[in-house]
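To start, the structure under review is shown below, and the notes come after it.
Remember, predicted model here, so these are calculated numbers, not experimental data.
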Amino acid sequence: MSYEKVYQARKLMIGTKQAVRALEEGTADELVIAEDADPKLTEAAVEAAGRHGIPVLRVDSMKKLGKASGIKVGTSAVAIIR
């Protein structure tokens with residue numbers, strides 16, 4: 001389900017730093033985090049989502065999340081933009 005949301009999204013911010021930026025700017029609707037990512041990498045994004053009341057979806061694979069995002073490498077976090 002979450003991979004489908006990412007695949008169908010019109011605009012994404014890919015990567016933890018970009019996702020945090022979108023969350024802080026208030027442009028993100030949802031945050032998708034890969035469970036196999038190092039928690040140290042995703043911690044800032046999850047905390048920012050919590051501060052701003054943005055739902056956090058979790059998926060099992062960085063590789064699959066990257067593919068759903070349209071990139072050839074894995075990614076630990078993706079923000080779905082309004």
Side-chain angles (χ1 to χ4, degrees):
M1 174 71 176
S2 297
Y3 292 119
E4 277 298 313
K5 280 187 171 187
V6 172
Y7 183 72
Q8 293 174 356
R10 292 180 187 219
K11 186 171 181 185
L12 301 170
M13 294 299 264
I14 302 168
T16 305
K17 288 180 184 179
Q18 296 295 332
V20 169
R21 183 179 303 149
L23 290 162
E24 296 294 345
E25 290 174 352
T27 59
D29 278 339
E30 292 179 280
L31 176 67
V32 183
I33 297 291
E35 288 287 342
D36 63 343
D38 184 347
K40 292 178 184 176
L41 294 175
T42 59
E43 181 179 17
V46 173
E47 288 176 3
R51 280 195 307 274
H52 296 286
I54 302 297
V56 178
L57 306 173
R58 297 191 181 270
V59 296
D60 61 341
S61 168
M62 288 176 57
K63 186 174 181 178
K64 289 179 187 175
L65 184 56
K67 185 175 181 180
S69 301
I71 61 174
K72 294 181 181 182
V73 295
T75 185
S76 57
V78 173
I80 299 174
I81 306 300
R82 300 188 173 111

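Residues passing the side chain to side chain donor-acceptor pair (under 3.5 Å) test with Asp38: none are found, sequence neighbours excluded. Qualifying side chain to side chain donor-acceptor pair (under 3.5 Å) partners for Thr42, counting only residues two or more places apart in sequence or in other chains: none. Glu43 is linked by a salt bridge (charged side-chain N to carboxylate O under 4.0 Å, His left out) to nothing, counting only residues two or more places apart in sequence or in another chain. For Thr75, there are no side chain to side chain donor-acceptor pair (under 3.5 Å) partners two or more places apart in sequence or in a different chain.
Both Val59 and Val78 belong to a common hydrophobic cluster when Ile, Leu, Val, Met, Phe, Trp and Tyr are linked at side-chain heavy-atom distances under 4.5 angstrom. Hydrophobic cluster membership differs between Tyr7 and Val73, with clusters built from Ile, Leu, Val, Met, Phe, Trp and Tyr side chains linked at under 4.5 angstrom.
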Anything under 3.5 Å between a donor and an acceptor, one on a side chain of residues 20-27, the other on a protein residue two or more places apart or in another chain? List them.
from: Arg21; atom 1: NH1; to: Gln18; atom 2: OE1; distance (Å): 3.1
from: Glu24; atom 1: OE1; to: His52; atom 2: NE2; distance (Å): 3.1
from: Glu24; atom 1: OE2; to: Arg51; atom 2: NH2; distance (Å): 2.4
from: Thr27; atom 1: OG1; to: Ala22; atom 2: O; distance (Å): 3.3

For residues 61-68, which side-chain N or O atoms pair as donor and acceptor with protein atoms under 3.5 Å away, sequence neighbours left out?
from: Ser61; atom 1: OG; to: Lys63; atom 2: N; distance (Å): 3.2
from: Ser61; atom 1: OG; to: Lys64; atom 2: N; distance (Å): 3.1

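Listed by first then second residue, pairs satisfying salt bridge (Lys or Arg N to Asp or Glu O under 4.0 Å) with a partner in residues 71-82 read Asp29-Arg82, not counting sequence neighbours.
In this structure the side chain of Arg58 reaches within 4.5 angstrom of the side chain of Val46, judged on heavy atoms. Two residues are said to be in side-chain contact when any heavy atoms from C-beta on lie closer than 4.5 Å; Lys5 and Leu57 meet this criterion. At a threshold of 4.5 Å between non-hydrogen side-chain atoms, the residues Ile80 and Leu12 count as touching.
A distance of 11.0 Å separates OG of Ser76 from NZ of Lys17, quoted to the nearest 0.5 Å.
Nearest heavy-atom pair across Ala28 and Ile81 is CA-CD1, 4.2 Å.
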